[in-house]
Amino acid sequence: MGLKKYIVFSILLIILIFGYVFSVEPGEYKITVLDISLTLPIAVWVILPLLVLLIGSVSHMLYYSLKSYLKYRAILKDEENIMQSIKAYLLQKGDKTSYKTKAFKDISNILSQINFEVKDSSFTTSNNEINKIVSLIKDINNGTYVQDKDLKLEPTSKLAHKNLLNKVDAEIDFCVEVLKKPMNYSSDVIRKAFLNVVEEKSMTTVKKLYENVTLDKEMGKKLFEKSAKNPDFAIINEEVIKITKNLDYEKNDYLELAKLYKDAYQPDDLISLFEDLSKEIDCSTEAYLYVLFEFEMIDRIRELLTSYTDEEYPAFRALIDLKDSGKQYSLESLCYKS
């Protein structure tokens, strides 16, 4: 029975009892308590306890109805909040949502200790917003740059970092901006941006930007390859020396550089580069000798070897002896076959 029906039927019952008692005994009755007297019809005295009971029972029911209603509202609110928490965890954000019910507090505490990961398999819920978020996260994980402002990624999250790397792959002009202000980005973002710029932009643009970043050996190799393909805009000798020094190039690295440049540079330019290198860096001397042998600069090699002991550079000395005896061998065939 609803509260309204209860009140109506209770009032009707009280009226009926009042009418019956009044028809049987219409007289009055006096009650005195502590010198206070109250005279009322007998019928009123009869229904008075019923009125008190009605008021008390209705108050009781109203109290627990209000309590149940507030609890129900708290559950509804916590259901909304738990969805907000799930969205925050999916987006790798900190969750500051508060809960009113113990069950949802426990659920939130458990969720906060779990790493959320979106799987590649199909994902559907009745919550369209979560479906959209999961779809966008999948796009990011698959290498697509997502611009959706509704996502509002936490800048320091792994997901935001992955999306930033996707942007580097998607927008070459953004790569240029990264290299202009590398202090604002992490090393892997800078590295990817640099490799993309070297791949897609002109050597003129590359030369304006490469000094802004700290190169590793792969980045240096890509830079030198770009330079080799664009000899008219190649990096000057002083810069090659500076870069290879910073990268701690070893003997084999200089040999690889010589092989890379030998078909791109004019002989005089290539010899000049490695002569300058050998004057600055001892371990590049073998690459210099290699270049001289490529261009049959035998007298110059003899002169250079006189500056070293007989135990140094034995392969080059042996090759000169072979040439003097009329046998033709290349340095590649003797020492540098891969």
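Worth knowing before you read on, the calculation uses all heavy atoms, side chains too, and leaves out hydrogens, waters and symmetry mates. What you see is a predicted model, and the numbers here were worked out from it, not measured in a lab.
The aromatic rings of Phe18 and Phe22 sit parallel to each other, their planes meeting at less than 30°, with 60° as the upper class boundary. Taking the six-membered ring where the residue is Trp, Phe104 and Tyr99 present parallel rings, their angle staying beneath 30° rather than reaching 60°.
Residues Val206 and Lys201 approach most closely at CG2-O, 4.4 Å, considering heavy atoms. In terms of heavy atoms, Met219 sits closest to Phe194 at O-CE2, 3.5 Å. Scanning all heavy atoms of the two residues, the minimum distance from Ile298 to Phe293 falls at CD1-CE2, 4.0 Å. Across all their heavy atoms, Val213 and Pro182 have their closest contact at CG1-CB, 4.3 Å. Residues Ala160 and Pro155 share a closest heavy-atom pair of CB-O, 3.8 Å. Here the closest non-hydrogen pair linking Ala228 and Ala264 is O-CB, 3.0 Å.
Judged as a salt bridge (Lys or Arg N to Asp or Glu O under 4.0 Å), the pairs with a partner in residues 235-250 (not counting sequence neighbours) are, in order, Lys245-Glu280.
Using a 4.5 Å heavy-atom threshold, the side chains of Phe274 and Thr285 count as separate. When side chains are defined from C-beta on, Leu159 does not count as touching Glu154, because their heavy atoms never get closer than 4.5 Å. Between Ile271 and Phe295 the shortest side-chain heavy-atom distance falls below 4.5 Å. Between Lys162 and Asn166, the closest side-chain pair of non-hydrogen atoms falls below 4.5 Å. At a threshold of 4.5 Å between non-hydrogen side-chain atoms, the residues Leu319 and Ile301 do not count as touching. Leu54 places none of its side-chain heavy atoms less than 4.5 Å from the side chain of Leu50. In this structure the side chain of Asp169 never reaches within 4.5 angstrom of the side chain of Leu165, judged on heavy atoms. Looking at heavy atoms from C-beta onward, Lys192 lies out of side-chain contact with Tyr185 at the 4.5 angstrom threshold.
Judged by distance alone, the side chains of Asp188 and Ser186 do bring a donor and an acceptor atom under 3.5 Å apart. Side-chain contact, Tyr254 with Thr244: a donor N or O sits under 3.5 Å from an acceptor N or O. Looking only at atom types and distance, the side chain of Tyr69 has a donor-acceptor partner in the side chain of Arg73 under 3.5 Å away. Side chain to side chain, Tyr290 and Lys259 fail the donor-acceptor criterion of an N or O pair below 3.5 Å.
Put simply, the side chain of Asn127 gets close to the backbone of Ile130: a donor and an acceptor are under 3.5 Å apart. The main-chain N or O of Thr144 is never found under 3.5 Å from a side-chain atom of Asp139 such that the two would form a donor-acceptor pair. Judged purely by atom type and a 3.5 angstrom limit, Ser59 uses its side chain to pair as donor or acceptor with the backbone of Ile55. With Ser227 contributing its side chain and Ile235 its backbone, the two residues share a donor-acceptor pair below 3.5 Å. Panel note: side chain Ser68, backbone Ser65; no donor-acceptor pair is recorded below 3.5 Å. Put simply, the side chain of Arg317 gets close to the backbone of Leu305: a donor and an acceptor are under 3.5 Å apart. Between the side chain of Ser272 and the backbone N or O of Asp268 there is no donor-acceptor pair closer than 3.5 Å. The main-chain N or O of Ser202 is never found under 3.5 Å from a side-chain atom of Asn230 such that the two would form a donor-acceptor pair. Side-chain atoms of Ser284 come within 3.5 Å of backbone N or O of Ser278 as a donor-acceptor pair.
Within a 6.0 Å radius of NZ in Lys208, no more than 12 heavy atoms belonging to other residues, nucleotides or ligands are found. Within 6.0 Å of OH in Tyr20 there are 12 or fewer heavy atoms belonging to other residues, nucleotides or ligands.
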Go through Glu129 and Lys132 one step at a time and tell me if the salt bridge (charged side-chain N to carboxylate O under 4.0 Å, His left out) criterion holds.
CA-CA 5 Å; Glu129 191 172 354; Lys132 180 180 179 181; over 6 Å; no
Carefully, step by step, assess Glu199 and Leu195 under the rule side chain to side chain contact (heavy atoms under 4.5 Å, CB included).
CA-CA 6 Å; Glu199 181 70 24; Leu195 293 175; over 6 Å; no
Could you check Asp78 against Lys100 for salt bridge (charged side-chain N to carboxylate O under 4.0 Å, His left out), going step by step and ending with a plain yes or no?
CA-CA 7 Å; Asp78 282 355; Lys100 296 181 179 180; over 6 Å; no
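Applying the side-chain contact (heavy atoms from CB on, under 4.5 Å) test between Tyr210 and each of Leu223, Thr205, Val198 identifies Leu223 as the sole match.
Between Glu177 and Lys167, none of the side-chain N atoms (NZ, or NE/NH1/NH2) sits under 4.0 Å from a carboxylate O, so this pair counts as no salt bridge.
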